[in-house]
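Below is one structure, written out as structure tokens; the observations come after it.
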Amino acid sequence: MPESHPTPDFMRRLAAAAAAETLPRFRKGGDVANKHAAGFDPVTEADRAAETAIRTLISEHFPDHGIIGEEFGTEGADNSHVWVIDPIDGTRAFISGLPLWGTLVGLTIDGKAVAGMMSQPFTGELYYADGNGAHYEGPGGARRLAARGTKHLSEATLCTTTPALFDAPRRALYDRVETAVRLPRYGTDCYAYAMVAAGHVDLVIECDLNPYDIVALIPIIEQAGGVVTTWDGARAEAGGDIVAAATPELHERALALLQG
């Protein structure tokens, strides 16, 4: 594995650095700011402090790598190696006291996501992919991740953050998939993608994602045997409308409905 890839120990260090900023602020009722005048897009002190800690650690160990972060923007985006950070994916869950948020850190090389982690420190879980497979560490013991073999929509569990995020045309397409699956679940944010890699969920469908919402999760699912693309079947690193599936067959069947 190239030296430029992060080791499992570095993933753990990133998770610990972020947790040192997020956990003391979780369920403490801290200040919440709104990023947008129209609508509600919250950001907290924990978001900013965690991203600062992650950026510091990356800059110390990989000074020639670029960084893209949700809170503090881009530096060195033209470099071949670029880290993509969402310090708290699921800020709405975070400020509601729900443990369905996570810290996302991914690494792209020449635009392709090759390594990433999702840390949920309140539950003590770490999901990561380092180019040598996808792995879990936490309650129940460490193990290699493997998506389950679900091929048919009628047997699938589907997650989305909320169908309310889809506009009318995309909501109609999403509803076609939801009607076809066995079990839909809402409100899961990044946790749903980790559950695909872990073999508990079969599909995730979302819209209008930013790169920092998805880059870290792509290698975790892919290295667990799953598939992640946009609704038109393209690579997902740039974000947009995303579908993640446990198997290529399930992915193909979901795309057929999402493409109208």
Side-chain angles (χ1 to χ4, degrees), residues 34-43 68 70 84 86 88-96 98 100-102 104 106 108 111-113 118 147 150-197 200-218 220-222 226-260:
N34 186 10
K35 295 181 185 179
H36 295 304
F40 182 56
D41 187 9
V43 61
I68 298 172
E70 178 176 13
V84 185
D86 191 344
I88 300 178
D89 182 89
T91 300
R92 291 171 177 81
F94 184 91
I95 65 176
S96 302
L98 303 173
L100 291 173
W101 52 277
L104 301 179
T108 64
K112 182 178 180 179
M118 192 287 276
T150 306
K151 295 179 173 61
H152 298 283
L153 291 167
S154 61
E155 301 169 355
T157 297
L158 162 68
C159 287
T160 193
T161 297
T162 171
L165 293 175
F166 298 104
D167 59 20
R170 287 179 294 180
R171 177 64 185 268
L173 296 172
Y174 166 81
D175 283 347
R176 296 173 66 184
V177 183
E178 182 177 301
T179 300
V181 303
R182 181 171 66 180
L183 174 65
R185 300 295 297 163
Y186 303 155
T188 42
D189 292 297
C190 62
Y191 208 87
Y193 296 90
M195 293 300 97
V196 171
H200 303 301
V201 167
D202 304 297
L203 274 172
V204 182
I205 298 175
E206 295 191 296
C207 66
D208 297 328
L209 297 192
N210 291 292
Y212 48 73
D213 296 317
I214 191 64
V215 163
L217 298 162
I218 294 170
I220 298 174
I221 291 176
E222 289 184 341
V227 181
V228 187
T229 71
T230 61
W231 288 17
D232 58 6
R235 293 288 306 179
E237 279 84 354
D241 300 339
I242 303 298
V243 55
T247 64
E249 294 87 351
L250 188 65
H251 178 261
E252 182 178 354
R253 290 180 169 117
L255 280 189
L257 295 181
L258 291 171
Q259 292 174 353

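Worth knowing before you read on, the calculation uses all heavy atoms, side chains too, and leaves out hydrogens, waters and symmetry mates. The first residue of the sequence shown is numbered 1, and numbering continues consecutively from there.
- Note: D167 CG to D208 CG = 7.5 Å, rounded to the nearest 0.5 Å.
- Considering only heavy atoms from C-beta on, L153 comes within 4.5 Å of L257 through its side chain.
- Looking at V196 and V204, their side chains come closer than 4.5 Å, going by heavy atoms from C-beta outward.
- Of all heavy-atom pairs spanning G233 and L255, the tightest one is CA-CD1, 4.2 Å.
- Between the T247 side chain and the T150 main chain, a donor and an acceptor come within less than 3.5 Å of each other.
- Atom-to-atom distance recorded for T230:OG1 and D241:CG is 8.0 Å, nearest 0.5 angstrom.
- Residue L104 comes nearest to A216 through the heavy atom pair CB-CB, 3.9 Å, listed as atom of the first residue, atom of the second, then distance.
- Looking at T188 and M195, their side chains never come closer than 4.5 Å, going by heavy atoms from C-beta outward.
- Using a 4.0 Å cut-off between charged nitrogen and carboxylate oxygen, R235 and E222 count as a salt-bridge pair.
- Between the D89 side chain and the G102 main chain, no donor and acceptor come within less than 3.5 Å of each other.
- Nearest heavy atoms, R171 versus A164: NH1-N, 4.2 Å.
- Between L173 and F166 the shortest side-chain heavy-atom distance does not fall below 4.5 Å.
- Note that the CG atom of D202 and the CG atom of L250 stand 6.0 Å from one another [nearest 0.5 Å].
- Side-chain contact between L203 and T157 is absent, with no heavy-atom pair separated by less than 4.5 Å.
- How far NE2 of H200 is from SG of C159: 11.5 Å, rounded to the nearest 0.5 Å.
- Results of the side-chain hydrogen bond (donor to acceptor under 3.5 Å, both in side chains) test with E206 over Y174, W231, Y193 single out Y193 as the only residue that passes.
- To the nearest 0.5 Å, atoms OG1 (T160) and CG (L165) are separated by 7.0 Å.
- Annotation: the span from E237 atom CD to I214 atom CD1 amounts to 9.0 Å, rounded to 0.5 Å.
- Taking all atoms of both residues into account, the shortest heavy-atom contact from A113 to I218 is CB-CB, 4.1 Å.
- In the displayed structure, E252 atom CD is contacted under 6.0 Å by at most 12 heavy atoms of other residues, nucleotides or ligands.
- Between C207 and R170, the shortest heavy-atom distance links the atoms CB-NH1, 3.6 Å.
- Nearest approach of A245 to I221, heavy atoms of both residues: O-CG2, 4.4 Å.
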